[in-house]
Trainee: 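Quick one: this structure, given as structure tokens, is what I'll be asking you about.
Only this structure's heavy atoms are used, side chains among them; waters, hydrogens and symmetry mates stay out.
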Amino acid sequence: MNITMAAPDPVRMVDFYAEKLQDIKQQITDLNQQKTFIERELINLVGAQEEGSNAHETTFFKVTTTGKVDRKVITKHLNTVKEVVTPEIFNSIFRLKFEVNVTALKHLKKQCPKEYNAVAYAIESKPAKTSVKVDALEP
């Protein structure tokens with residue numbers, strides 16, 4: 001006896017995987033909230049420095065807390081700083097970071113292909129992770 005199985009309905013499979021993805025994302029959210037709570041409790045128990053690390057050992061674990069300070073350049077004040085410190089100090093503290101303006105790059109590609117080719121020489125491009133967004137529809 002020869003039994004042929006029908007291929008799964010693609011629409012149902014999309015619904016199946018979309019629901020699974022939403023469930024997993026909710027679990028990740030819940031776990032991240034639990035993780036944040038537990039990290040706060042550990043910090044309360046072992047302490048933390050504003051900047052730098054602090055280690056605490058028990059019989060079973062070594063817990064290290066590392067305090068960090070985010071720093072951001074206030075670009076409108078840079079000219080004033082340049083007038084006060086030497087160029088060596090200025091250049092050792094402030095670094096120039098080049099980034100690609102993707103909107104301008106795409107515009108250049110359409111408007112001036114020759115210039116785009118010259119600019120593209122200095123840009124490394126590689127595929128990034130494709131994102132997937134799932135929103136539940138109201139019935």
Trainee: Are any side-chain N or O atoms of Thr66 and backbone N or O atoms of Gly52, one a donor and one an acceptor, separated by less than 3.5 Å?
Mentor: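 Looks like no, no N/O pair under 3.5 Å.
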Trainee: Give the cluster check for Ile93 versus Val73: same hydrophobic cluster or not, with ILVMFWY residues linked at side-chain heavy-atom distances below 4.5 Å.
Mentor: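 Both belong to a single hydrophobic cluster.
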Trainee: Using a 4.5 Å cut-off on heavy atoms from C-beta on, say whether the side chain of Gln26 contacts that of Ile28.
Mentor: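 A side-chain contact under 4.5 Å is absent here.
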Trainee: According to a hydrophobic-cluster definition based on side-chain heavy atoms being under 4.5 Å apart (Ile, Leu, Val, Met, Phe, Trp, Tyr only), do Val63 and Ile43 belong together?
Mentor: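 No.
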Trainee: Step through the shown structure and confirm whether more than 12 heavy atoms of other residues, nucleotides or ligands are within 6.0 Å of CD on Gln49.
Mentor: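 Check passes, neighbour count above 12.
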Trainee: Taking only residues two or more places apart in sequence, or in another chain, which ones meet Lys129 in a salt bridge (charged side-chain N to carboxylate O under 4.0 Å, His left out)?
Mentor: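 Per chain and number, Lys129 pairs via salt bridge (charged side-chain N to carboxylate O under 4.0 Å, His left out) with no residue.
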Trainee: Quick check: do Leu42 and Glu39 have side-chain heavy atoms less than 4.5 Å from each other?
Mentor: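 Heavy-atom side-chain distance check fails, nothing below 4.5 Å.
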Trainee: Rounded at 0.5 Å granularity, tell me how far NZ in Lys82 sits from CD1 in Ile89.
Mentor: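 Reported to 0.5 Å precision, the distance equals 14.5 Å.
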Trainee: May I ask you to list the residues sharing a hydrophobic cluster with Val102, side-chain cutoff 4.5 Å, ordered by chain and number?
Mentor: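 Its cluster partners, ordered by chain and number, are Val100, Leu105, Leu108, Tyr116, Val119, Ile123.
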Trainee: Using a strict 4.0 Å threshold on nitrogen-to-oxygen distance, state whether Lys109 and Glu115 make a salt bridge.
Mentor: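 Salt bridge flag = no for Glu115 with Lys109.
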Trainee: Answer yes if the side chains of Gln34 and Asp30 hold a donor-acceptor pair under 3.5 Å, and no otherwise.
Mentor: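 No donor-acceptor contact under 3.5 Å links the two side chains.
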Trainee: Go through it in stages, so that I can follow the logic: the residues are Ile38 and Lys35, the test is side-chain contact (heavy atoms from CB on, under 4.5 Å), and I'd like the CA-CA distance, side-chain angles, deciding distance and then a yes or no.
Mentor: CA-CA 5 Å; Ile38 291 169; Lys35 177 181 171 247; 5.9 Å; no
Trainee: Examine distances only and state if a side-chain atom of Asn54 and a backbone atom of Gly47 form a donor-acceptor pair shorter than 3.5 Å.
Mentor: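 Yes; at least one donor-acceptor contact below 3.5 Å.
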